Amino acid sequence: MLKPLGNRVIVEVAKEEEKSIGGIVLPSSAKEKSQTGTVIAVGAGRVTDNGVTIEMTVKAGNTVLFEKYAGTEVKYAGTEYLVIKESDIVAILD
């Protein structure tokens, strides 16, 4: 499995609905990029200039809301993930 470094988080992005409210099937080019996902793995945390490690707020298994164009898309073992910095996470969803 992938293990993120520093203050990075690996997220499995939630799949968006493929139909509009009226029932029309949308092509992939018309769908908006999802901004929610499930945290798969977290790094050790951010290291400050004086060497202190700040612990991560999110944990594996959390469902999060992140910024629209954040992160780097990665494909690993046939599954697509998003690697983002913890600062790009806007909220933890309950």
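All figures in this text were calculated on a predicted structure; none of them were measured in a lab.
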Quiz item: Sub-3.5 Å donor-acceptor pair from the side chain of Q35 to the main-chain atoms of F66, do we have one?
Solution: yes
Exercise. For residues V9 and P4, report the shortest heavy-atom separation together with the two atoms involved.
Key: N-CB, 4.3 Å
Exercise. Walk me through it: do E86 and V58 pass the test side chain to side chain contact (heavy atoms under 4.5 Å, CB included)?
Key: CA-CA 8 Å; E86 186 182 33; V58 295; 4.2 Å; yes
Quiz item: Going only through I, L, V, M, F, W and Y residues with side-chain contacts under 4.5 Å, is there a path from V64 to V83?
Solution: no
Quiz prompt | Over all atoms of both residues, closest heavy-atom pair of A41 and L2 | solution = CB-O, 4.0 Å
Exercise. Might you point out which heavy atoms bring M1 and Y76 nearest each other, and give the distance in Å?
Key: N-OH, 3.5 Å
Quiz item: Should I10 and V13 be counted in the same cluster of Ile, Leu, Val, Met, Phe, Trp and Tyr side chains packed under 4.5 Å apart?
Solution: no
Quiz prompt | Non-hydrogen atoms of A60 and I40 that approach each other most closely | solution = CB-O, 3.6 Å
Quiz prompt | N50 atom CG: more than 12 heavy-atom contacts under 6.0 Å | solution = yes
Quiz prompt | Separation of K3 NZ from R8 CZ (nearest 0.5 Å) | solution = 13.5 Å
Quiz item: Among N62, L65, V39, whose side-chain contact (heavy atoms from CB on, under 4.5 Å) with I92 holds?
Solution: N62
Quiz item: From I54 CD1 over to R46 CZ, what is the distance, rounded to the nearest 0.5 angstrom?
Solution: 3.5 Å
Quiz item: Any link between L82 and V42 through a network of hydrophobic side chains (Ile, Leu, Val, Met, Phe, Trp, Tyr) touching at under 4.5 Å?
Solution: yes
